[in-house]
4 protein chains.
Amino acid sequence: MATRGRTAKPKARSAGARDTILAAARELFGERGFADVSARDVARRADVTKALVFYHFESMEDLFAAVLDDYYDAQSKALEAGFEGEGTVRERLSRLLDGYIRFIDEHRFFPRLVQQEVRRGGPAATRIRKNVRALLDWTERALGDVLPPSGPLSARHFYLTIAGMVIHYYTYAPILGQAWDRDPLGAPAREERRQHLLWVVSTILDGLEAEAGRQRGGR
Amino acid sequence: MATRGRTAKPKARSAGARDTILAAARELFGERGFADVSARDVARRADVTKALVFYHFESMEDLFAAVLDDYYDAQSKALEAGFEGEGTVRERLSRLLDGYIRFIDEHRFFPRLVQQEVRRGGPAATRIRKNVRALLDWTERALGDVLPPSGPLSARHFYLTIAGMVIHYYTYAPILGQAWDRDPLGAPAREERRQHLLWVVSTILDGLEAEAGRQRGGR
Amino acid sequence: MATRGRTAKPKARSAGARDTILAAARELFGERGFADVSARDVARRADVTKALVFYHFESMEDLFAAVLDDYYDAQSKALEAGFEGEGTVRERLSRLLDGYIRFIDEHRFFPRLVQQEVRRGGPAATRIRKNVRALLDWTERALGDVLPPSGPLSARHFYLTIAGMVIHYYTYAPILGQAWDRDPLGAPAREERRQHLLWVVSTILDGLEAEAGRQRGGR
Amino acid sequence: MATRGRTAKPKARSAGARDTILAAARELFGERGFADVSARDVARRADVTKALVFYHFESMEDLFAAVLDDYYDAQSKALEAGFEGEGTVRERLSRLLDGYIRFIDEHRFFPRLVQQEVRRGGPAATRIRKNVRALLDWTERALGDVLPPSGPLSARHFYLTIAGMVIHYYTYAPILGQAWDRDPLGAPAREERRQHLLWVVSTILDGLEAEAGRQRGGR
DNA sequence: GATGAATGAGTATTCATTCAT
DNA sequence: TATGAATGAATACTCATTCAT
């Protein structure tokens with residue numbers, strides 16, 4: 001303490017302690033979930049005092065919300081980029097899917113945090129709902145022409161179906177790894193997964209078109 | 001004590017305190033996950049002293065494992081029932097899917113617990129892995145004729161895809177409810193979901209057959 | 001429980017559960033002291049239920065007292081044997097010393113228990129005091145001719161001195177072993193220790209005689 | 001809280017809570033040994049919250065180690081002081097003995113703690129072993145000229161013998177008091193004890209010299 | 001004799017949070 | 001902006017002991 005020379009580099013402080021803390025929290029919440037991360041853990045990982053965590057964030061809930069906010073901003077950007085531009089339904093949807101896959105791939109524990117917050121019904125739930133709404137809207141716009149507005153083939157089902165199949169892979173990856181011939185989080189496995197997902201979505205579109213044909217041509 | 005009527009025989013004593021505790025734990029873990037449930041919570045819900053929880057279960061981990069075990073037994077039974085019997089690939093798979101859907105429907109928080117344990121890499125992870133393995137095996141046997149052994153269209157991808165789309169619905173249901181025209185966990189919505197899933201799986205089978213045809217009929 | 005065949009041999013019970021428990025307690029108290037041994041520990045080591053421990057002994061204190069009583073009986077017997085018989089002061093003292101050494105050697109953790117009870121000032125302290133008194137009496141009778149009744153060379157000092165040097169060896173043995181060329185509790189080391197002690201006591205007797213001579217011969 | 005006068009500034013805060021806690025621990029461990037002292041006890045005696053104990057010391061073991069460390073520092077200093085300086089074997093040894101006696105006299109429960117830690121084989125045992133080693137070294141250097149390097153008359157036996165007779169007095173003092181004509185821990189009794197010890201050690205040296213003479217003068 | 005179940009008070013330790021500096 | 005010290009309430013888990021059977 002007093003013995004550490006006064007020229008000692010101020011570690012985290014230089015790069016903005018707030019950001020350092022946020023980054024540490026992002027990592028930890030991702031690894032262990034909200035309930036399993038303590039302020040002490042965050043402080044340690046950020047190489048900062050516990051008190052400083054509470055100086056920058058009112059409470060642990062607050063910190064968690066900040067982390068979620070960051071993720072949502074990133075997700076929105078990723079999806080907007082994917083959705084923009086022209087093309088056939090198939091092209092737009094596949095761009096949207098690609099954007100979604102890439103985002104989840106880069107933020108693997110984001111879904112965990114969301115699931116957790118959904119379960120907890122915490123204050124961030126509103127934020128989540130808004131975002132889910134947006135994603136659903138995009139799906140509806142992208143598939144509006146081929147989908148009925150309600151029933152088993154409505155957009156909301158496909159949204160949940162596709163999101164589920166994208167996310168689930170990462171949820172179970174840690175366990176699959178040990179009973180698998182290769183690391184499911186390695187580049188080759190992930191690329192294979194991407195192709196699988198594209199194939200499924202494409203096949204679903206085929207099915208929807210066939211369905212539309214059947215519908216039109218009188219059953 | 002003084003408040004509990006003096007003729008009311010203590011609940012726990014009358015009928016298997018162990019079971020009472022297990023049931024309380026099942027509920028609570030389902031509602032809030034492992035990390036958010038304390039021994040005190042379980043004791044309170046089971047109307048039992050905290051010490052009794054530890055008399056019947058060596059530790060909270062132990063209690064959690066017991067809960068998971070119960071679920072796994074139920075799941076195995078549900079899937080075995082679904083998988084037995086004759087029929088075309090399509091018939092068998094749809095029975096398997098139906099069994100899976102029904103199980104998840106009746107044990108909505110089971111996936112949450114599993115996801116959590118996967119993340120924690122806790123001692124129950126081995127059990128989970130074995131079970132995932134079994135499910136994957138069933139999928140492989142059910143789809144063995146129509147699926148290539150590896151690549152983007154291999155059984156393991158379809159297993160993850162289907163499991164993901166079944167489970168994800170329940171994961172997000174609590175949030176969807178408030179932005180939706182009806183309760184996603186009500187009977188009508190769940191039946192609609194079931195039809196959606198059956199349609200998707202059926203469509204995927206169509207796609208796989210088409211793919212097989214393409215493969216055969218000159219590349 | 002109900003599944004164990006009814007012919008299963010009743011383990012501890014046959015040989016007198018009370019004694020089995022007492023033996024287990026003796027071991028455990030010796031190894032870890034009173035405060036570090038729980039009823040559960042005793043029950044486990046005796047392969048008996050915890051409740052049975054309390055059936056046979058009113059409390060843990062009671063069990064501890066019973067263990068101490070056993071030791072004191074043994075000690076009394078050992079010392080009486082050593083002290084009886086005729087001979088010179090030197091002979092009688094060396095027999096007493098030998099008896100004491102042998103007893104401590106065979107009940108290595110007895111001194112620990114006594115020390116502990118002395119410190120705790122527990123109910124067994126009276127018993128201990130009586131015994132110390134007896135030992136002191138023996139020393140006084142054995143050395144009465146050569147010792148002044150009070151002062152730095154009185155019997156009580158020699159009693160404490162000799163007891164200390166006998167006991168201390170065993171107290172520190174566990175630690176010495178690792179920085180020593182041989183096991184201090186092995187037979188050769190213990191025999192060497194015995195010779196050392198005999199030499200010291202003999203030398204002290206020489207000194208006392210010289211002292212008596214000096215006293216008599218003026219100055 | 002409400003009972004503490006409102007102008008009394010909280011003790012702990014004013015003057016090194018850490019030291020207050022350490023002092024309380026020193027007292028309590030001395031009185032009752034490690035296993036019989038709880039964190040709550042320490043907190044109470046130090047007039048401090050239980051949590052603060054763990055703020056300053058990672059664990060009870062840690063606190064115990066800190067207490068032992070303090071004692072060892074004091075002991076080392078006491079012995080070094082006693083051992084330095086010139087003089088005959090007899091003079092140096094008697095100075096060493098005097099230093100040891102004085103230290104034990106001022107830290108009466110130190111031996112208890114050490115004995116306990118030896119028995120527990122806890123983490124502090126290494127420290128203890130090092131210290132015992134040092135003491136033994138001193139004894140060997142002080143007695144090197146008159147002692148054979150091995151056998152019943154080697155330095156290590158005399159070290160254990162002398163340490164035992166010094167320490168044992170304090171171990172049994174609480175019990176002796178009640179069967180004795182005066183308080184064994186009062187100044188006169190302790191001075192008498194000191195003279196006894198000096199006489200014994202001096203007599204042992206006489207014996208050793210005689211032994212050396214015998215050895216030299218034809219076996 | 002023997003035991004399974006039960007309990008209230010205890011254990012060490014960690015928590016998020018506050019606050020004076 | 002930052003922090004060391006402090007705390008009350010919580011954590012999982014163990015204790016000696018009781019008692020109905």
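Chain identifiers are assigned alphabetically (A, B, ...) following the order of the sequence lines, protein sequences preceding nucleic acid strands; residue numbering begins at 1 within each chain. None of these values were measured; they are calculated from a predicted model.
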Inset, instruction - Using the P atom as the reference point in each nucleotide, state the distance between dG1(E) and dT21(F) in Å, no decimals. - result: 22 Å
Legend entry - Presence of Ser38(C) side-chain N/O under 4.0 Å of dC15(F) phosphate oxygens OP1/OP2: yes
Inset, instruction - Look at His56(D) and dG4(F) and indicate whether a side-chain polar atom (N or O) is within less than 4.0 Å of OP1 or OP2. - result: no
Inset, instruction - Could you walk me through whether Glu31(B) and Arg108(B) pass the salt bridge (Lys or Arg N to Asp or Glu O under 4.0 Å) test, one step at a time? - result: CA-CA 10 Å; Glu31(B) 289 167 20; Arg108(B) 278 166 209 174; over 6 Å; no
Legend entry - Rounded interatomic separation in angstrom, taking CZ from Phe54(C) and C1' from dT17(F): 6 Å
Inset, instruction - Would you write the dot-bracket representation of DNA chain F, where each base gets (, ), [, ], | or . depending on whether it forms a Watson-Crick or G-U pair under 3.5 Å and with which partner? - result: .||||||||||||||||||||
Inset, instruction - Kindly compute the distance separating OH (Tyr71(D)) from NE2 (His107(D)), expressed to the nearest 0.5 Å. - result: 6.0 Å
Inset, instruction - Output yes when at least one side-chain N/O atom of Tyr55(B) is less than 4.0 Å from OP1 or OP2 of dA6(E), else no. - result: no
Inset, instruction - Quick one: closest heavy-atom pair of Ala25(B) and Val67(B), and the distance? - result: CB-CG2, 3.9 Å
Under 3.5 Å, which donor-acceptor pairs do the side chains of residues 50-60 of chain A form with other protein atoms, sequence neighbours left out?
unit_1, atom_1, unit_2, atom_2, d
Ser59(A), OG, Glu61(A), N, 3.4
Ser59(A), OG, Asp62(A), N, 3.2

Legend entry - Rounded interatomic separation in angstrom, taking CG from Leu28(D) and C1' from dT11(E): 16 Å
Legend entry - Nearest-nucleotide 5' precedence on DNA chain E, Lys50(C) against Arg40(A): Lys50(C)
Inset, instruction - Could you tell me whether the phosphate oxygens of dA6(E), OP1 or OP2, come under 4.0 Å of any side-chain nitrogen or oxygen in Thr49(B)? - result: no
Legend entry - Phe64(B) CZ - dA12(F) P separation (whole Å): 14 Å
Legend entry - Distance, rounded to the nearest Å, where Asp47(A) contributes CG and dA2(F) contributes C1': 14 Å
Inset, instruction - Test side chain to side chain contact (heavy atoms under 4.5 Å, CB included) on Phe110(D) and Phe29(D) and set out the steps. - result: CA-CA 9 Å; Phe110(D) 174 60; Phe29(D) 286 144; over 6 Å; no
Legend entry - Separation of dC19(E) P from Glu58(A) CD (nearest whole Å): 13 Å
Inset, instruction - Find the distance Met60(C):CE to dT18(F):C1' and express it as a whole number of Å. - result: 16 Å
Legend entry - Nearest atoms (heavy-atom pairs only) where Pro174(B) meets Arg112(B): CG-NH2, 4.1 Å
Inset, instruction - Could you pick out which residue, Val37(C) or Val37(B), lies toward the 5' side of DNA chain F when each is mapped onto its nearest nucleotide? - result: Val37(B)
Inset, instruction - Scan Val53(D) against the nucleic acid and name what it touches under 4.0 Å (heavy atoms): base, sugar-phosphate only, or nothing. - result: nothing
Inset, instruction - Specify the separation, in whole Å, of atom CG of Asp41(C) and atom P of dC15(F). - result: 6 Å
Legend entry - Test: Arg32(D) and Asp41(D) ion pair at under 4.0 Å: yes
Legend entry - Main-chain N/O of Ile128(A) paired to Glu117(A) side chain as donor or acceptor, under 3.5 Å: no
Inset, instruction - Identify whether any heavy atom of Val42(C) sits under 4.0 Å from a base atom; if not, whether one sits that close to sugar-phosphate; answer base, sugar-phosphate or nothing. - result: nothing
Inset, instruction - May I ask you to say what Ala51(A) touches in the nucleic acid, namely base, sugar-phosphate or nothing, with a heavy-atom cut-off under 4.0 Å? - result: base
Inset, instruction - Could you state the atom-to-atom distance from CG of Asp36(A) to P of dA12(F) in whole Å? - result: 11 Å
